[in-house]
Trainee: 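Got a structure for you, written out below as structure tokens; questions coming shortly.
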Amino acid sequence: MPVFRSFMTFQMRQIRAFLDLEAGIARNATHGKEPPTAGLDSRRSRSRQAVRQRRIEQPYQVTDKEERKPAERKSLGSQQSSRQGKIPIFFVTGAGKSGTTWFRRMLDHHPEIMCRGEGWFFGRNVRYENHKRMETDAEGRTPRPASLYNALAEDEYLRMWLERTPWTRDGDVEEHLADLTREAIRLFLTKKLSQSGKRVVGDKTPLLSPGVVGEIGAIMPEAKVIHVIRDGRDRAVSWMHHIWNRQLPTEEGGNLEPEERDKRDRYREAPEAFLASGESIFTKKRIRTASLTWALNVGSARRQGLRLLGNGRYAEVRYEDLLERPEQELRRIFRFLGVSAGKRVVKRSVMAEGFERRSGGRERGEEDSTSARRKGVAGDWKNV
């Protein structure tokens, strides 16, 4: 209590002194006299003028301990944006079930490379209305309802903003949308890269449409593209097993037909007997879709990559070559990306993603139809 009383006494004295000062200023002002603080205010004003003059004559230098001014923060932001443009960015693409996930993981083990997937950045017209019914895959990923490019391009409010704001209305809306997509991709990739301690960043970008590689070349002109290609027949077999695992039956809102469910169940019960009977794992609709989409997407990606990007920014990797000589192929791609390609680095990446390790102990060629790493061989189409 004594401490409290002392504090209260001190506070009351301060209040009285303040009131007396205010009263004195009012009385002096009434009698036309200069307030007691006028001289102090005058000296402070002259001091501020002198400081301003020194800042004009001697530009202000920012030290590490000093807080940067808003204008300086803006300047640094511009420098950071400029630096982001110099960060090596690449995209791994390929038709689904062509080994792109396996390849991406090997790249990510490199001490200089960060490679994630799937960002679904590209695909101007890619949108899935039934995304709510899609299930997660073996790695816990859920397909996005649309690509980033489509989400930006089809947002009516964003489009109206671009059409009406004085900063953008004189330009082409589609160019603005492409610019926004580019800046968003750079932002997301470089932000993650800065947290990783690595210096090269890449995304596994599926071939969602025929124009994906062309979009990469137009939107990210500095980026490199690695196209993983697998024999279309083997890819179709792996894709059918993938559909068996991922798609819901039609009666539950999915796309797995009753005939396909019957094939799946009989195959998994006795695969050798099923294949020996000569029956196909495909329906006519599925094999037609598999062949047409592979030819269209992979064909267009090759043409666009070679024509628009050239050898300096476009490289192809054959799934079959990765199986046969993984270290040689990986060393070639490391050099393409401008990172270390030493024996230890290459071998570590290959060993870390060996089929036996990633499949839970199964040897390559030993099938598990329910696994995302089903068999890991080339030429299996001859058995189907």
Side-chain angles (χ1 to χ4, degrees), residues 88-121 136-144 188-189 192-193 195-208 223-230 234-235 238-239 241-242 245-246 315-368 370-378:
I89 295 176
F90 69 93
F91 297 94
V92 174
T93 193
K97 309 310 296 179
S98 294
T100 51
T101 298
W102 171 41
F103 182 68
R104 177 200 73 76
R105 287 179 174 273
M106 285 195 288
L107 295 181
D108 193 57
H109 282 288
H110 193 287
E112 298 177 73
I113 299 175
M114 175 179 159
C115 189
R116 299 281 178 90
E118 302 167 347
W120 279 43
F121 295 126
T136 58
D137 62 12
E139 298 181 356
R141 299 172 302 187
T142 304
R144 267 66 67 195
F188 298 140
L189 292 183
K192 283 291 184 181
L193 180 67
Q195 299 169 358
S196 70
K198 299 185 177 184
R199 70 176 189 87
V200 180
V201 61
D203 174 77
K204 192 192 91 170
T205 300
L207 282 177
L208 301 176
K224 293 183 178 181
V225 174
I226 306 169
H227 185 190
V228 181
I229 303 175
R230 185 180 188 181
D234 273 336
R235 183 263 170 186
S238 184
W239 175 70
H241 286 270
H242 180 70
N245 292 333
R246 291 289 302 276
E316 293 181 351
V317 178
R318 297 280 176 171
Y319 175 82
E320 294 76 17
D321 292 340
L322 281 174
L323 290 176
E324 184 177 346
R325 47 180 185 275
E327 293 187 18
Q328 180 178 334
E329 286 298 295
L330 210 56
R331 185 176 297 109
R332 176 173 67 89
I333 295 302
F334 285 163
R335 289 170 178 164
F336 171 73
L337 293 175
V339 298
S340 172
K343 287 185 177 181
R344 286 187 178 182
V345 173
V346 172
K347 190 168 185 178
R348 182 177 64 179
S349 294
V350 172
M351 294 295 292
E353 292 300 321
F355 181 84
E356 292 79 6
R357 174 175 293 185
R358 299 299 300 177
S359 66
R362 281 185 293 116
E363 294 184 3
R364 192 177 295 277
E366 184 180 349
E367 184 181 51
D368 179 1
T370 65
S371 173
R373 297 163 186 84
R374 180 183 62 89
K375 204 169 184 178
V377 297

Trainee: State which residues pass side chain to side chain donor-acceptor pair (under 3.5 Å) with Lys198; sequence neighbours excluded, sorted by chain then number.
Mentor: none
Trainee: Pairs of donor and acceptor atoms involving the side chains of residues 341-348, under 3.5 Å and at least two apart or interchain, shall be tabulated with distances.
Mentor:
none

Trainee: Would you compute the distance between atom NZ of Lys204 and atom OG1 of Thr101 and round it to the nearest 0.5 angstrom?
Mentor: 2.5 Å
Trainee: Testing Glu367, His242, Glu366 for side chain to side chain donor-acceptor pair (under 3.5 Å) with Arg374, which one passes?
Mentor: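 Looking at Glu367, His242, Glu366, the match for Arg374 under the side chain to side chain donor-acceptor pair (under 3.5 Å) is Glu367.
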Trainee: Give the minimum heavy-atom separation between Gly96 and Arg235, together with the two atoms involved.
Mentor: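 Of all heavy-atom pairs spanning Gly96 and Arg235, the closest is O-NE, 2.7 Å.
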Trainee: Which heavy-atom pair separates Ser238 from Lys97 by the least distance, and what is that distance?
Mentor: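 Scanning both residues completely, I find the closest heavy atoms to be OG-CE, 3.3 Å.
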Trainee: Under the side chain to side chain donor-acceptor pair (under 3.5 Å) rule, collect the residues that match up with Thr93, sequence neighbours excluded.
Mentor: none
Trainee: So does Glu353 get a backbone contact from the side chain of Trp102, meaning a donor-acceptor N/O pair under 3.5 Å?
Mentor: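 Flag set: sc Trp102 to bb Glu353 pair under 3.5 Å.
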Trainee: Which residue pairs pass the ring pair (Phe, Tyr, Trp, His ring centres under 6.0 Å) test when at least one of the two sits in residues 330-349, sequence neighbours left out?
Mentor: His110-Phe334
Trainee: Return the minimal non-hydrogen interatomic distance between His227 and Leu207, and the atom names on each side.
Mentor: NE2-CD1, 3.9 Å
Trainee: So how far is it from Ile333 CD1 to Ser349 OG, rounded to the nearest 0.5 Å?
Mentor: 12.5 Å
Trainee: Got a sec, which residues hit salt bridge (Lys or Arg N to Asp or Glu O under 4.0 Å) with Lys375, two or more places apart in sequence or on another chain?
Mentor: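 If we apply the salt bridge (Lys or Arg N to Asp or Glu O under 4.0 Å) test to Lys375, skipping adjacent residues, the hits are Asp380.
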Trainee: Only counting residues at least two apart or in another chain, list the ones meeting salt bridge (Lys or Arg N to Asp or Glu O under 4.0 Å) with Glu320.
Mentor: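 With neighbours one apart ignored, the set is empty.
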Trainee: Quick one: closest heavy-atom pair of Ile113 and Leu107, and the distance?
Mentor: CB-O, 3.4 Å
Trainee: Quick one: does Arg230's side chain have a donor or acceptor within less than 3.5 Å of a partner on Tyr319's backbone?
Mentor: no
Trainee: With the side chain counted from C-beta on, respond yes when Val317 and Val92 share a heavy-atom pair under 4.5 Å apart, and no when they do not.
Mentor: no
Trainee: Looking at every heavy atom in both Arg362 and Ser371, which two are closest together, and how far apart are they?
Mentor: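 The pair with the smallest heavy-atom distance is NH2-OG, 3.4 Å.
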Trainee: With a 6.0 Å cut-off (strictly less than), is the heavy-atom count around CD of Glu363, excluding the residue itself, greater than 12?
Mentor: no
Trainee: Under the side chain to side chain donor-acceptor pair (under 3.5 Å) rule, collect the residues that match up with His241, sequence neighbours excluded.
Mentor: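 Partners of His241 under the side chain to side chain donor-acceptor pair (under 3.5 Å) test: Ser369.
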Trainee: Sorted by first residue and then second, give each salt bridge (Lys or Arg N to Asp or Glu O under 4.0 Å) pair with at least one member in residues 326-340; sequence neighbours left out.
Mentor: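 Passing the test, one end in residues 326-340: Arg325-Glu329, Glu329-Arg332.
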Trainee: Going by ring pair (Phe, Tyr, Trp, His ring centres under 6.0 Å), name the pairs with one or both residues in residues 342-361, residues two or more places apart or in two chains.
Mentor: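 The answer is none; no pair qualifies.
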Trainee: Can you list the residues that meet the side chain to side chain contact (heavy atoms under 4.5 Å, CB included) rule with Phe91, with sequence neighbours excluded?
Mentor: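 Applying side chain to side chain contact (heavy atoms under 4.5 Å, CB included) to Phe91 gives Ile89, Phe121, Phe122, Ile185, Leu189, Asp203, Thr205, Ile216, Met220, Ala223.
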Trainee: Kindly write out the residues that satisfy salt bridge (Lys or Arg N to Asp or Glu O under 4.0 Å) with Glu316, not counting sequence neighbours, or none if the list is empty.
Mentor: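 Residues passing salt bridge (Lys or Arg N to Asp or Glu O under 4.0 Å) with Glu316: Arg302.
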Trainee: Within a strict 4.5 Å, meaning less than it, do heavy atoms of the Cys115 and Phe90 side chains meet?
Mentor: yes
Trainee: Taking only residues two or more places apart in sequence or in another chain, which ones pass side chain to side chain donor-acceptor pair (under 3.5 Å) with Arg199?
Mentor: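 Side chain to side chain donor-acceptor pair (under 3.5 Å) list for Arg199, sorted by chain: Glu112.
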Trainee: Indicate the atoms forming the closest heavy-atom contact of Glu118 with Pro206, along with that distance.
Mentor: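 Closest approach of Glu118 to Pro206, heavy atoms only: OE1-CG, 3.8 Å.
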Trainee: To the nearest 0.5 Å, tell me how far Leu322 CG sits from Gln328 CD.
Mentor: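 So the gap between those two atoms works out to 11.0 Å.
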Trainee: Would you say the side chain of Val200 lies within less than 4.5 Å of the side chain of Met114, judging by non-hydrogen atoms?
Mentor: no
